Amino acid sequence: MRMVSRLLLATERRAIIGLASLYASRMLGLFMVLPVLALYADDLAGATPLLVGLALGGYGLTQAILQIPFGLLSDRIGRKVVIALGLVLFMLGSVVAAMADSIAWIIAGRCLQGSGAVAAAIMALLADQTREQVRTAAMATIGLSIGVAFAIAMVLGPLLASHFGLSGVFWFTALLAALGLLVLWHLVPAAPRRLRHRDVGLDRNQMKAMLGRSDLLRLDLSIFSLHLILMAIFVAVPFRLLGAGIPIERHGVVYLGVMALAFVGMVPLVIVAEKKRRMKGIFLGAVAAMAACLMALGTATTVVPLVLLLFGFFTAFNLLEATLPSMISKMAPAGAKGTAMGIYSTSQFLGAFLGGILGGALAQDFGLDAVFYGCGLVALIWLTAVWGMPTPRYLSSEVVALDPDTHGDALDTLLERFAEVAGVEDVLVVPEERVVYLKVDRQRLDSDALARIAGSRHDHEGA
């Protein structure tokens, strides 16, 4: 095994900063429209609550359909080429929506935005650019950037819309995409190689096995439901704020306060879930709290209860958004996390698409209160579906780099020796990637034995 320092190389640092900014700016552009589209739809020809919901969630359909094909395409023709294509599609979709005078063209623009489905390609390029020993930290940076982008979008969207209208929001997203192209070609280094990474990329040979895992399917259902609810309520939340006497130009301030406090409220719960190994209880409690907040939002019409309930909702949302990927990582077999995450992400985007439709349909046929009650019912069904889930095993991922001359019988012997180490629960040797994937229980792990097998020079990574 070979030793590689955990300290970031200059090229790794550039890749992480550049790709995190690309991912975040893209999500920022997709989310900025959430708090404003319903409010400004009256100026669009043919707008109905159902079509507004479709416009909100339309990006999710094209994203779900194309994200896996784009990821596989990046394996064949190159990561940067596919990412550039995705950014161009996103920019074109933004321009179409910015110039739209009807809800139909807004829907077309949003679907075109979503067709630039480059999330998998960005993660694959990040894996190409980073060593096994620092990849987990790199992926965590991407995850953090998404959360920050969502919070900024909730604030920036209303501010831009109040000054420049709905078209101004879309022109800004087009500008973000153009800047993203500059970042891609001038900041992100060229990948030295293009490899498959089972901890990041999807392996079609693993799809059937992952779809047959009830524990993973419960998590796929969870992210599906979470984003369905998120997209649906934004058909109604902006009108609730307006009805409570909060002018449109002040909505961004409300979201800023709510999101900041929700983040603070989430942090200790994440610590308890991870450090105290209370993941299942915290998870179920968050879903139950979300259901309660949604039901109560159906009757909240004044500022104080409305803001308090939104704080409760977004605390639960942020907590679930942070812990669900961690649970996927814990439950996925060694070397299958990338495939499990690919299915998980597709479920997320499908949820966003159907959530927009659900929220629009409920608002159109039954009114705004029904949106919250309907989403509360979805949360209760979700809670019922996951109630009996097994307690997650607190396993971490380890990736050990192989020497180039390790092959044949040596690989078989290596697998057996790793499997015998106390605390090592699963082993997968992948010669073509020159790595060994491990799942370990850190509380039981015999680190000295693992180090001896890996070699005194090996510096392993925890996920």
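All figures in this text were calculated on a predicted structure; none of them were measured in a lab.
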Checklist line | side-chain hydrogen bond (donor to acceptor under 3.5 Å, both in side chains) partners of Glu249, counting only residues at least two apart | finding: none
Please set out all donor-acceptor pairs under 3.5 angstrom arising from side-chain atoms of residues 351-366, sequence neighbours excluded.
{"unit_1": "Gln364", "atom_1": "OE1", "unit_2": "Thr48", "atom_2": "OG1", "d": "3.3"}
{"unit_1": "Gln364", "atom_1": "OE1", "unit_2": "Leu50", "atom_2": "N", "d": "3.1"}

Item checked: Minimum side-chain heavy-atom gap Leu160-Met32 below 4.5 Å -> yes
Note to self: Exactly one of Leu294, Leu308, Val237, Val258 should register a side-chain contact (heavy atoms from CB on, under 4.5 Å) with Phe313. Which one does?
What the structure shows: Leu294
Notebook entry, point to check: Is any side-chain heavy atom of Phe234 closer than 4.5 Å to a side-chain heavy atom of Leu37?
Noted result: no
Check: Under a 4.5 Å cut-off applied to non-hydrogen side-chain atoms, are Val188 and Leu19 in contact?
Finding: yes
Check: Is the closest side-chain heavy-atom distance between Lys208 and Leu211 below 4.5 Å?
Finding: no
Margin query: Measuring only between side-chain heavy atoms, which start at C-beta, is Pro390 closer than 4.5 Å to Arg218?
Written below: yes
Notebook entry, point to check: If every non-hydrogen atom of Phe239 is compared with every non-hydrogen atom of Ala38, which pair is closest and at what distance?
Noted result: CZ-O, 3.2 Å
Notebook entry, point to check: Counting only N and O atoms by type, is there a donor-acceptor contact under 3.5 Å from the side chain of Lys439 to the main-chain atoms of Lys330?
Noted result: yes
Margin query: If you compare all heavy atoms of Gly29 against all heavy atoms of Leu176, which two are closest, and at what distance to 0.1 Å?
Written below: N-CD1, 4.3 Å
Check: At their closest point, which heavy atom of Ala262 faces which heavy atom of Thr315, and how far apart are they?
Finding: CA-OG1, 3.4 Å
Check: If you count the non-hydrogen atoms of other residues, nucleotides and ligands that lie under 6.0 Å from CZ in Phe263, is the total more than 12?
Finding: no
Note to self: Nearest 0.5 Å, please: how far is CD1 in Ile328 from CG in Leu219?
What the structure shows: 4.5 Å
Notebook entry, point to check: With a 4.5 Å heavy-atom cut-off, do Ile229 and Trp382 have their side chains touching?
Noted result: yes
Checklist line | Verdict with supporting geometry, Leu297 and Arg240, side chain to side chain contact (heavy atoms under 4.5 Å, CB included) | finding: CA-CA 9 Å; Leu297 279 166; Arg240 271 288 197 265; 5.8 Å; no
Next item on the list: Evaluate side chain to side chain contact (heavy atoms under 4.5 Å, CB included) for Val36 paired with His251, printing each intermediate quantity in order.
Entry: CA-CA 9 Å; Val36 298; His251 285 196; over 6 Å; no
Item checked: Minimal non-hydrogen separation, Met290 against Leu320, with atom names -> CE-CD1, 4.1 Å
Distance-only criterion, 3.5 Å: show the donor-acceptor pairs between side-chain atoms of residues 62-71 and protein atoms not counting sequence neighbours.
{"unit_1": "Thr62", "atom_1": "OG1", "unit_2": "Tyr59", "atom_2": "O", "d": "3.2"}
{"unit_1": "Thr62", "atom_1": "OG1", "unit_2": "Cys111", "atom_2": "O", "d": "2.8"}
{"unit_1": "Thr62", "atom_1": "OG1", "unit_2": "Ser115", "atom_2": "N", "d": "3.3"}
{"unit_1": "Gln63", "atom_1": "OE1", "unit_2": "Arg26", "atom_2": "NH2", "d": "2.5"}
{"unit_1": "Gln67", "atom_1": "NE2", "unit_2": "Gly342", "atom_2": "O", "d": "3.3"}
{"unit_1": "Gln67", "atom_1": "NE2", "unit_2": "Thr346", "atom_2": "OG1", "d": "2.7"}

Check: Is it the case that more than 12 heavy atoms not belonging to Arg250 sit under 6.0 Å from its CZ atom?
Finding: no
Next item on the list: Would you check, one step at a time, whether the test side chain to side chain contact (heavy atoms under 4.5 Å, CB included) holds for Leu306 with Thr301?
Entry: CA-CA 7 Å; Leu306 182 58; Thr301 56; over 6 Å; no
Below 3.5 Å, can you tabulate the donor-acceptor pairs from side chains in residues 372-380 to any protein atom, sequence neighbours excluded?
none

Note to self: What's the separation between atom CG in Leu28 and atom OG in Ser21, rounded to the nearest 0.5 Å?
What the structure shows: 11.5 Å
Notebook entry, point to check: Once you round to the nearest 0.5 Å, how far does CG of Leu51 lie from CD1 of Ile107?
Noted result: 4.5 Å
Notebook entry, point to check: Does the side chain of Ile17 reach to within under 4.5 Å of the side chain of Thr141, using non-hydrogen atoms?
Noted result: no
Notebook entry, point to check: Taking side chain as C-beta onward, heavy atoms only, is Arg110 less than 4.5 Å from Leu30?
Noted result: yes
Margin query: side chain to side chain contact (heavy atoms under 4.5 Å, CB included) for Leu230 and Phe150? Distances and angles first, verdict last.
Written below: CA-CA 12 Å; Leu230 176 70; Phe150 178 75; 4.0 Å; yes
Item checked: Gap separating the CG atom of Leu324 from the CG atom of Leu319, nearest 0.5 angstrom -> 8.5 Å
Checklist line | Pairwise distance OG(Ser345) to CG(Leu350) - rounded to 0.5 angstrom | finding: 11.0 Å
Checklist line | Distance-minimising heavy-atom pair for Met331 and Leu216 | finding: CB-CD2, 3.7 Å
Note to self: Closer than 3.5 angstrom, by distance alone: can the side chain of Tyr40 be matched with the main-chain N or O of Ala161 as a donor-acceptor pair?
What the structure shows: yes
Notebook entry, point to check: Would you say Arg213's side chain and Ala332's backbone share a donor-acceptor pair under 3.5 angstrom?
Noted result: no
Check: Which residues satisfy the side chain to side chain contact (heavy atoms under 4.5 Å, CB included) test with Glu321, sequence neighbours excluded?
Finding: Ile223, Leu226, His227, Phe317
Item checked: Shortest non-hydrogen separation from Pro392 to Met327 and the atoms involved -> CG-CE, 3.9 Å
Note to self: As an exercise, state the distance from CG of Leu256 to CG of Leu156, rounded to the nearest 0.5 Å.
What the structure shows: 11.5 Å
N/O donor to acceptor pairs below 3.5 angstrom from side-chain atoms of residues 278-287, sequence neighbours left out:
{"unit_1": "Arg278", "atom_1": "NH1", "unit_2": "Lys276", "atom_2": "O", "d": "3.0"}
{"unit_1": "Lys280", "atom_1": "NZ", "unit_2": "Met389", "atom_2": "O", "d": "2.6"}

